[in-house]
Engineer: 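Structure provided below as structure tokens; questions to follow.
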Amino acid sequence: MSATIPYEYKYLRAKKRFPHVWCSGCGIGIVMGSIVRAVDAMGWEKDDIVMVSGIGCTSRMPVYVDFNTLHTTHGRGLAFGTGVKMANPDLNVMAVMGDGDSLAIGGNHIIHAARRNIDITAIIVNNNNYGMTGGQFSPTTPPGARTSTTPYGMIEPCFDVCRLMDGAGASFVARGTVYHITELDNMIQMAFRKKGFSVVEVLAPCPTNFGRANRQGGPVEMMKLLRDNTINKSQLKAMKPEQAKDKVVRGIFVDRNSISYGDRYEALCEKAKKAAEAEK
Amino acid sequence: MIVPWGETRLVQGNEAVALGAVAAGIDLFAGYPITPSTEIAELLAKYLPLIDKKWIQMEDEIASISALIGARLAGSKSMTATSGPGFSLMQEGLGYACMTEVPFVLVNVMRGGPSTGLPTQVAQGDVMQARWGTHGDHPIIVLAPSNVRECFELTVRAFNLSETFRTPVILLPDEVIGHMRERIVFPNKEDVHVVPMAVPDVPVEWYEHYHESASNVSPMASFGTGYRYHVTGLTHDVHGFPTRKESEVIAKMNRLKHKITRRLDELEDVQMHDVEDSSVVIFAYGSVYRSALAAQAILKKRRKKVGVFRPVTLWPFPDRTVKENLDSKDVILVPELNQGQMIHEVERMTKDSVRVVPLQRIDGYEITPEEIVDAVMEVI
Ligand SMILES: Cc1ncc(C[n+]2csc(CCOP(=O)(O)OP(=O)(O)O)c2C)c(N)n1
Ligand code: SF4
Ligand SMILES: [Mg+2]
């Protein structure tokens with residue numbers, strides 16, 4: 001009698017790649033699970049998927065999944081991905097990045113990817129710090145928080161990733177957490193489905209660095225914080241402003257249809273050729 | 001028809017580079033405007049949509065070179081063009097491409113530096129950065145044109161070498177060459193040899209992204225063709241997965257080195273004029289080579305015989321040929337538009353008894369034939 005093998009294995013690399021590098025209690029693996037389930041739901045062929053990343057704990061993800069995988073330089077995942085997508089528009093391109101990767105060193109690339117509306121899905125694992133290098137502050141470290149480079153507390157304000165991406169022109173923008181996993185699966189699937197630039201910000205714990213530095217407890221306590229400190233957008237209406245004051249809002253903030261860069265480029269080629277023809 | 005095959009035209013150096021790229025089968029250009037290379041980007045913005053090829057202006061040079069690498073991995077021959085400050089920003093991506101063995105062409109039209117320097121004026125200050133600009137040991141191929149026709153031909157050669165050696169190739173014209181106009185005869189299409197992108201011919205299960213072979217180069221599959229593999233700038237094994245295993249690390253580093261050093265014959269490209277029977281030789285490249293030839297002619301009229309040695313391929317440096325041909329000379333004059341860069345390579349390959357004399361100009365203007373003539377007269 002053969003046992004049923006969980007379908008997730010189909011999307012993971014069988015040989016040599018496990019165990020993974022992530023600490024126990026880290027949120028990144030949960031995001032990987034969500035991506036794999038969303039890919040399965042899309043029915044995409046593995047050959048047609050490209051996962052790019054930059055550098056960081058999050059950016060180690062590509063090595064584990066059985067797609068075309070591209071682990072690049074710090075912050076540049078989207079720039080590499082832009083080249084991939086332009087070269088072969090039939091490929092489904094996703095970029096997984098940490099908060100530092102996507103918003104500090106890669107900040108210039110992400111706002112322009114959004115403005116261009118290149119057809120890539122960006123998944124940002126926001127753990128509020130630079131996990132890989134030992135927990136320095138990032139553009140999403142909350143004011144006052146302790147990190148190894150803010151021993152007296154963070155004095156810089158932080159980015160609201162979703163508002164930033166909305167302003168820059170992304171077609172789809174959502175925020176989820178690794179605690180609310182059905183919701184996250186759904187968001188990633190919707191992001192995949194969207195033509196144009198889509199962003200899913202995923203709040204995730206880094207118990208090893210951020211959690212410890214801010215006395216947030218272990219992995220379980222940090223998961224509980226995600227449960228207790230966030231609310232879904234739909235809950236907002238029923239709440240009094242002071243109740244919602246300290247909550248981080250989850251949900252889909254942008255879902256609009258605008259022409260992707262690839263489609264605009266194709267139209268440009270047609271226009272240029274017609275003009276050249278007319279000149280003859 | 002974008003390339004005027006077989007026709008005679010007055011074209012600019014940068015224009016010839018853009019046309020050379022089209023001739024070589026460019027699929028994608030990504031760049032960020034910078035003087036004195038901008039014409040290349042502008043012309044390709046006009047040409048490429050007409051032939052359904054891709055063109056994109058990225059947000060900076062780091063993004064540009066990153067996009068090139070992504071594009072080539074997805075099966076597009078790609079190129080960028082930049083100058084000094086942009087070249088500095090591209091060093092990150094250049095090193096990544098060397099490490100991951102992704103071919104493309106990077107054109108750096110040299111202007112005065114350091115920093116913003118002399119944006120519209122000529123220099124040859126980037127020849128060492130072209131060799132060693134990115135961190136770590138790495139292979140690199142660098143070609144320096146000296147006239148407009150070579151801008152066309154060497155661009156095609158740069159694409160071909162990048163595919164053959166599976167590594168980025170730098171085309172290094174200086175501002176004078178990029179901006180000068182000359183009447184050139186374009187070759188016929190069938191006379192231009194274009195190396196196609198190699199594709200693996202093994203079943204998917206047999207594919208190794210960095211397969212060990214005698215040439216240290218293996219055909220690279222493109223994303224989306226069924227060969228799924230991993231690419232990383234971390235030191236990796238033959239499959240592309242990160243490794244710290246001593247034997248695998250050494251094998252990778254040796255592969256990168258040997259793919260160049262064991263095939264020097266295919267890369268070397270030097271021109272020698274009267275070198276054999278002259279005791280004084282001018283060593284020059286890029287625009288300065290033109291002045292060197294003119295100086296040689298002037299000196300000939302004065303019955304003074306000098307040789308001219310010109311490397312077309314700057315890197316790898318033609319060690320053996322320099323040694324064989326210049327080590328017995330009395331004097332080698334090295335005119336350069338910098339404070340002394342390639343001169344050290346000439347010194348390295350010649351014995352102490354050979355006088356290696358610099359002639360340097362760093363004010364943003366070209367070295368004239370007369371200056372070279374005067375310098376020669378002083379040393380003989
Ligand atoms: C150019 C460059 N600068 C710095 C680093 C060092 N570095 C590696 S990962 C990292 C930050 C990662 O933080 P984040 O993007 O939030 O990812 P996480 O590890 O938290 O998932 C830094 C600064 C690097 N690899 N490259
Ligand atoms: S350091 Fe933090 S982000 Fe990195 S693997 Fe550990 S828990 Fe995860
Ligand atoms: Mg982080």
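So that the names make sense, note that chain A is the first sequence line, chain B the second, and so on, each numbered from 1. All values below were derived from every heavy atom in this structure, side-chain atoms included, with hydrogens, water molecules and symmetry-related copies excluded. Note that the structure is a prediction, hence the values are computed from the model and not measured.
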Engineer: Check whether A/K85 gets within reach of chain B through its side chain, its backbone, both or neither, counting any heavy atom under 4.5 Å.
Structural biologist: neither

Engineer: With a 4.0 Å cut-off, would you call B/E92 and A/R76 a salt bridge?
Structural biologist: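 So B/E92 pairs with A/R76 through a salt bridge.
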
Engineer: Would you compute the distance between atom OG of B/S76 and atom CE of A/M86 and round it to the nearest 0.5 angstrom?
Structural biologist: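 One finds 9.0 Å between OG of B/S76 and CE of A/M86.
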
Engineer: How close do B/A74 and A/L91 get, counting heavy atoms only, and between which atoms?
Structural biologist: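 What the structure gives for the nearest pair is CB-CD1, 4.3 Å.
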
Engineer: Given that the side chain runs from C-beta out, which part of B/L73 has a heavy atom under 4.5 Å from chain A: side chain, backbone, both or neither?
Structural biologist: side chain

Engineer: Against chain A, label B/A30 side chain, backbone, both or neither, depending on which of its atoms sit under 4.5 Å from a heavy atom there.
Structural biologist: neither

Engineer: What are the two closest heavy atoms between A/K273 and B/P49, and how far apart are they?
Structural biologist: CG-O, 4.0 Å

Engineer: Would you mind checking which part of A/E266 comes under 4.5 Å of any heavy atom in chain B, side chain (CB onward), backbone (N, CA, C, O), both or neither?
Structural biologist: neither

Engineer: Is there a donor-acceptor pair under 3.5 Å between the side chain of A/Y265 and the backbone N or O of B/I56?
Structural biologist: no

Engineer: Does B/Y32 have more than 12 heavy atoms from other residues, nucleotides or ligands lying within 6.0 Å of its OH?
Structural biologist: no

Engineer: Select, from A/D90, A/T82, A/I49, A/T73, the one with the greatest count of heavy-atom pairs under 4.5 Å involving chain B.
Structural biologist: A/T73

Engineer: Answer yes or no: does atom NZ of A/K46 have more than 12 heavy-atom neighbours from other residues, nucleotides or ligands under 6.0 Å?
Structural biologist: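 More than 12 within 6.0 Å, yes.
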
Engineer: Rounded to the nearest 0.5 Å, what separation is found between the CG atom of A/L70 and the CD1 atom of B/I69?
Structural biologist: 8.5 Å

Engineer: For a quick test of reading the model, state the closest non-hydrogen atom pair linking B/Y227 to A/N68 and the distance between them.
Structural biologist: O-OD1, 3.7 Å

Engineer: Taking all atoms of both residues into account, what is the closest heavy-atom pair of A/A87 and B/K54, and its distance?
Structural biologist: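 Nearest heavy atoms, A/A87 then B/K54: O-NZ, 4.3 Å.
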
Engineer: With a sphere of 6.0 Å drawn around CG of B/L10, does it hold more than 12 non-hydrogen atoms of other residues, nucleotides or ligands?
Structural biologist: yes

Engineer: Heavy-atom cut-off 4.5 Å, strictly under: side chain, backbone, both or neither for B/F223 against chain A?
Structural biologist: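 Answer is both: backbone and side chain atoms of B/F223 are under 4.5 Å from chain A.
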
Engineer: Any side-chain heavy-atom pair from B/F241 and A/R13 closer than 4.5 angstrom?
Structural biologist: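 When only atoms from C-beta onward are counted, A/R13 and B/F241 do touch, with a gap below 4.5 Å.
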
Engineer: More than 12 heavy atoms of other residues, nucleotides or ligands under 6.0 Å from CD of B/Q57: yes or no?
Structural biologist: yes

Engineer: Measure B/K46 against the heavy atoms of chain A and call it side chain, backbone, both or neither at under 4.5 Å.
Structural biologist: neither

Engineer: Below 4.5 Å, heavy-atom pairs only: which of A/D66, A/L268, A/V50 has the largest tally toward chain B?
Structural biologist: A/D66

Engineer: Tell me if the CZ atom of A/R163 is crowded by more than 12 foreign heavy atoms within 6.0 Å.
Structural biologist: no

Engineer: Show the numbers, then the answer: is there a side chain to side chain contact (heavy atoms under 4.5 Å, CB included) between B/L234 and A/R60?
Structural biologist: CA-CA 11 Å; B/L234 289 164; A/R60 283 301 188 95; 3.8 Å; yes

Engineer: Between chain A and each of B/T100, B/L48, B/D60, B/D27, count heavy-atom pairs under 4.5 Å; write down the option with the most.
Structural biologist: B/D60

Engineer: Please state whether the rings of A/H71 and B/H230 are parallel, tilted or perpendicular, taking 30° and 60° as the class boundaries.
Structural biologist: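 Ring orientation of A/H71 relative to B/H230: parallel.
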
Engineer: Decide, yes or no, whether a salt bridge links B/E59 with A/R116 under the criterion of side-chain N to carboxylate O below 4.0 Å.
Structural biologist: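 Salt bridge flag = yes for A/R116 with B/E59.
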
Engineer: Do A/V63 and B/P242 come within less than 4.5 Å of each other through their side chains, counting heavy atoms only?
Structural biologist: yes

Engineer: Relative to chain B, which of A/G81, A/G77, A/P62, A/A276 shows the most heavy atom pairs under 4.5 Å?
Structural biologist: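 Going by pairs under 4.5 Å, I would pick A/P62.
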
Engineer: Given a strict heavy-atom distance threshold of 4.5 Å, which part of B/I51 is in contact with chain A: side chain, backbone, both, or neither?
Structural biologist: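 No part of B/I51 comes within 4.5 Å of chain A.
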
Engineer: So which heavy atom on A/C269 is nearest to which on B/D52, and how close?
Structural biologist: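 Smallest interatomic distance, heavy atoms only, reads CB-OD1, 3.7 Å.
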
